[in-house]
Every structure is written in C-alpha cells, then in structure tokens.
Student: 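I have a structure I would like to understand better, so I am pasting it below and will then ask my questions one at a time.
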Protein chains: 2
Amino acid sequence: MTELDIAEVAQRAGVPASTLRFYEEKGLIASTGRRGLRRQYDPGVLERLALIALGRTAGFSLDEIALMFTPEGEPRIDRRMLTDKAEELDRRIRELGALRDSLRHAAACPAPRHLECPTFRRLLDAAASGGVTTPRRRVPPR
Amino acid sequence: MTELDIAEVAQRAGVPASTLRFYEEKGLIASTGRRGLRRQYDPGVLERLALIALGRTAGFSLDEIALMFTPEGEPRIDRRMLTDKAEELDRRIRELGALRDSLRHAAACPAPRHLECPTFRRLLDAAASGGVTTPRRRVPPR
DNA sequence: TCTTGACCTCAAGTCGACTTGAAGTAGAAC
DNA sequence: GTTCTACTTCAAGTCGACTTGAGGTCAAGA
C-alpha cells in the first residue's frame, strides 16, 4: 500500500489538510481515491506540492501555477515564463537592495530628523515618483 | 492660497482620491479644511504620502506606518525598526536571488524534463522543506 | 456493538488595502 | 436662477489564498 492518507501528506508537505482540499478543488492536485471518506494520495503529490510551493515563492498565482501542468498532470513549464519571472525577480531584487541600503543609512544617519537627511530625501522622492515599485501580489501569513 | 485641492493632491501623488479619503479615515493623513465639501490639503501632505509609499514598498502595513508618526504628525521613525526591516529585506533578497538563479538555470537546462534536472530538483527540495520563505503580506495590483 | 475521532461537505468568514455605487451637495459657469 | 460636475458620505464589494464552523460519516479500537 503505497498510498498516502491526507493527514500524512499534510504532515509531510507541511500544509494543513484544508489547503490540500482547497488545492484539489482548484484542480492543482488530485487524490487517487478514498478510503471510506478519506482522500488517498499518490506519493507523487508531494513533488507536485513542492512545485506549487516553489511557484508561489517565485510569485506565481495559483491560477498561473495551474497552467504549468498539462491536463495529464505532467509539469509543463514554459522556459520563457521562467526567464520572464527571473527578470522580474531581478528588478525586484535591485529595488529591495536600494531600499535596504537606504533604510540602513537612515538608521545610522546623524541628521536630527530623517526629513533633513539628504539620502532619506532622495529615497522619498524616488518613492513619490514611483521609482520604487510595489509588488503585484502577496501571500498572507501562515 | 497655498492649499491643495484633493484632486491636485491625488494627481501629484499619483493616487486616486478614494485612497486619500481612505488614508484620512485611517488617520494616516489629515486635511486642513474644506472648501465647500472638498478637502483641502497642506502641501506637506505630499511628503507624507511619499513617506507612506516608501513604507509600503519596504513592506510595512498601513497600521505600522501609522505608528511612524507622532500624534502631532511629525515622522517618528524608530531606527531599530529600520535596521530590523533592512535585515528582513536582506533575507528576502538572498532568497529571491537564489530563486532567480535557479529559474534561469531551469530555463536554460538541457534536461528534457525539468524534473530530471538536478538543479531544479534541489530547488524543489528547498521549497518543499520550507527553505524558501513566502513573504508575509502583499500589495494588491493598482 | 458501540464509541471515538479524524476525516468529510458546503457555506461563510478573514485579512489588507482599497474600490465601487448610490444618493446627496455645493462652487462655478452660464 | 439653473445646471453641471466634481466632489461628499456610507455601506458594501473585490481579490487571493485559505480557514473556520456546523453538521455529518465511517474505519478502527475497546
């Protein structure tokens, strides 16, 4: 018996069972059957969940992730999509880096009030003019 | 007459008027008065809005940002909070960097299927084991 | 056989940051 | 004086990813 019970999948994947049901409803994963009421899963679901988790941290939505699987369940990852996302990450990384540097500067800045610190003001102007972007979408806390 | 009409503030700050009202309701900004029904603002509100935008891109919630102003409206930025956030950004940057590299690798990877690519598998394992973190909170699209 | 407890379904709720819609109002142009 | 229109208020809706709650079911252990 190589099938996994939902509780075991939940435990091994580190997500609540409710999330597994939710993913199934969304078509992201599938159970192989039931034992009584309980969903049973093929161990391969763990890999799939890992793929989903990966996609999420890369900033893909669940709907986008759903498109990364063929109807047969094989991952179908568009290389173009990956490079696009890599570039997006690059931009975000540069932004965050600049922001981090400025935060550190502001923290160490000797100016009595932040508004008098030129570095801080530059940051502010950048933020005001949209030079710093807000991310598209975020994941709620676990 | 140095006061700005809400429409002008909205235009100059690049946010809809509804956002200004919302921020006012949250106590993040204040109007100096009304002309008829219309809110009038001190030009200083633009700086304040920039500060808010900055805080948002750094990942602070509106509630956290509200705490960054004294009841008198002066920015009161805790230097400790800034360094903490800088460190948080640092961690996130490192994660995203690793993710970006892996995405690029996967995109260029000659393995016929991603699941057969060792780099991709390593990424997957990291994601599965929670080695890659999901951000706390995200900002919806504009 | 009976009880237990972990699962089940389905609808509704949550969270953050806003947006949208209906119904009203006032300054300004005509 | 009338109309236009951009504002006003307040409640409700939206979006994504789940979680929660009520009421039900069933395999396994005592």
Side-chain angles (χ1 to χ4, degrees), chain A residues 1 3-41 45 49 51-68 127 133-142, chain B residues 1 3-11 13-41 49 51-68 127 133-142:
Chain A
M1 170 271 257
E3 301 276 271
L4 302 175
D5 184 87
I6 188 172
E8 197 161 358
V9 174
Q11 194 264 310
R12 303 225 278 182
V15 301
S18 63
T19 300
L20 297 178
R21 283 183 219 108
F22 175 72
Y23 281 1
E24 178 168 335
E25 196 179 344
K26 282 226 117 190
L28 285 165
I29 61 175
S31 50
T32 47
R34 300 286 178 111
R35 171 182 355 210
L37 289 178
R38 304 179 179 202
R39 289 165 174 81
Q40 300 293 115
Y41 293 95
V45 80
L49 286 169
L51 223 32
I52 293 170
L54 183 59
R56 300 273 302 113
T57 88
F60 292 100
S61 72
L62 292 183
D63 286 345
E64 286 172 318
I65 292 171
L67 298 175
M68 296 181 192
T133 318
T134 358
R136 282 199 316 137
R137 159 182 4 94
R138 272 201 185 158
V139 177
R142 276 268 253 289
Chain B
M1 173 267 258
E3 302 276 89
L4 302 175
D5 184 85
I6 189 173
E8 197 161 357
V9 174
Q11 194 264 309
V15 302
S18 63
T19 300
L20 297 178
R21 284 183 218 109
F22 175 71
Y23 281 0
E24 178 168 335
E25 195 181 344
K26 283 226 116 190
L28 285 166
I29 60 174
S31 51
T32 46
R34 301 285 178 112
R35 177 193 338 223
L37 289 178
R38 304 181 179 199
R39 288 165 173 80
Q40 301 293 115
Y41 293 94
L49 287 169
L51 223 32
I52 293 170
L54 183 58
R56 299 275 302 113
T57 87
F60 292 101
S61 72
L62 292 183
D63 286 344
E64 287 171 317
I65 292 171
L67 298 175
M68 296 181 191
T133 317
T134 359
R136 282 200 314 139
R137 158 178 13 90
R138 276 203 183 157
V139 176
R142 276 269 251 291

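Numbered from 1 within each chain, the chains take letters A, B, ... in sequence-line order. Just so you know, these numbers use all the heavy atoms, side chains as well, and skip hydrogens, waters and symmetry mates.
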Student: Of all heavy-atom pairs between A/A17 and A/A10, which one has the smallest distance, and what is that distance?
Tutor: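 That closest heavy-atom pairing would be N-CB, 4.0 Å.
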
Student: Rounded to the nearest 0.5 Å, what's the gap from CZ on A/R12 to CG on A/L49? Could you check?
Tutor: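 A/R12 CZ to A/L49 CG: 11.5 Å, rounded to 0.5 Å.
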
Student: How long is the line joining CZ of B/F22 and C1' of C/dA17, in whole Å?
Tutor: 5 Å

Student: Measure CD1/A/I65 against P/D/dC18 and give the value in whole Å, please.
Tutor: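 It is 9 Å, rounded to the nearest whole Å.
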
Student: Establish whether the base of C/dA17 is bridged to the side chain of B/R56 by a donor-acceptor pair shorter than 3.5 Å.
Tutor: no

Student: Between B/Q40 (CD) and D/dC7 (P), how many Å, whole number?
Tutor: 11 Å

Student: For residues 13-24 of chain A, which residue pairs qualify under salt bridge (charged side-chain N to carboxylate O under 4.0 Å, His left out), counting only residues two or more places apart or in two chains?
Tutor: A/E24-A/R39

Student: When the nearest nucleotide of DNA chain D is assigned to A/G36 and to A/K26 on a heavy-atom basis, which residue is associated with the more 5' position?
Tutor: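 Its nearest nucleotide being more 5', the pick is A/K26.
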
Student: Does a side-chain N or O from A/R39 land closer than 4.0 Å to OP1 or OP2 of D/dC26, or not?
Tutor: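 Negative; the distance criterion is not met.
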
Student: I want to confirm an ordering. Mapping B/Y23 and A/A7 to their closest nucleotides on DNA chain C, which one lands closer to the 5' end?
Tutor: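 Counting from the 5' end, the first nearest nucleotide belongs to A/A7.
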
Student: Tell me: CG of B/L37 to P of C/dA23, nearest whole Å?
Tutor: 18 Å

Student: Should B/Y41 and B/L20 count as side-chain neighbours, where that means a heavy-atom distance under 4.5 Å?
Tutor: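 Yes - at least one pair of side-chain heavy atoms lies under 4.5 Å apart.
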
Student: Report which part of the nucleic acid A/A17 touches: base, sugar-phosphate, or nothing (heavy-atom distance under 4.0 Å, all strands).
Tutor: nothing

Student: A/D63 CG to D/dG16 P: how many Å, rounded?
Tutor: 7 Å

Student: Under 4.5 Å between any side-chain heavy atoms of A/M68 and A/L51, yes or no?
Tutor: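 No - every pair of side-chain heavy atoms lies 4.5 Å or more apart.
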
Student: D/dA27 base to A/R35 side chain: any donor-acceptor pair below 3.5 Å?
Tutor: no

Student: With a 3.5 Å distance limit and no angle check, can you tell me whether B/R35 reaches the backbone of B/R38 through a side-chain donor-acceptor pair?
Tutor: no

Student: Round to a whole Å and report the spacing from CD1 of B/I6 to C1' of D/dT9.
Tutor: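 In whole Å, D/dT9 C1' and B/I6 CD1 are 12 Å from each other.
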
Student: To the side chain of A/R21, which of D/dA17, C/dC18, C/dC8 is closest?
Tutor: C/dC8

Student: Using a 4.0 Å heavy-atom cut-off across all strands, classify B/R34 as base, sugar-phosphate, or nothing.
Tutor: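 The answer is sugar-phosphate, as B/R34 gets under 4.0 Å only of primed atoms, P, OP1 or OP2.
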
Student: What's the spacing between A/L67 CG and A/F60 CZ if we round to 0.5 Å?
Tutor: 10.5 Å

Student: Where does DNA chain D pair, written as one dot-bracket string 5' to 3', with Watson-Crick or G-U pairs under 3.5 Å, ( ) inside the strand, [ ] for crossing pairs and | for another strand?
Tutor: ||||||||||||||||||||||||||||||

Student: Name the nucleic acid region contacted by A/S18, choosing base, sugar-phosphate or nothing; use a 4.0 angstrom heavy-atom cut-off, strictly under.
Tutor: base

Student: Expressed in angstrom and rounded to an integer, what is the separation of A/L4 atom CG from C/dC7 atom C1'?
Tutor: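 Atom-to-atom, A/L4 to C/dC7, this comes out as 16 Å.
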
Student: For residues A/T32 and A/E3, is any side-chain donor paired with an opposing acceptor at under 3.5 Å?
Tutor: yes

Student: Do the side-chain N or O atoms of B/T19 get closer than 4.0 angstrom to the phosphate oxygens (OP1, OP2) of C/dT19?
Tutor: yes

Student: Could you give the CZ-to-P distance, from B/R38 to D/dT8, as a whole number of Å?
Tutor: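 Answer to the nearest Å: 7 Å.
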
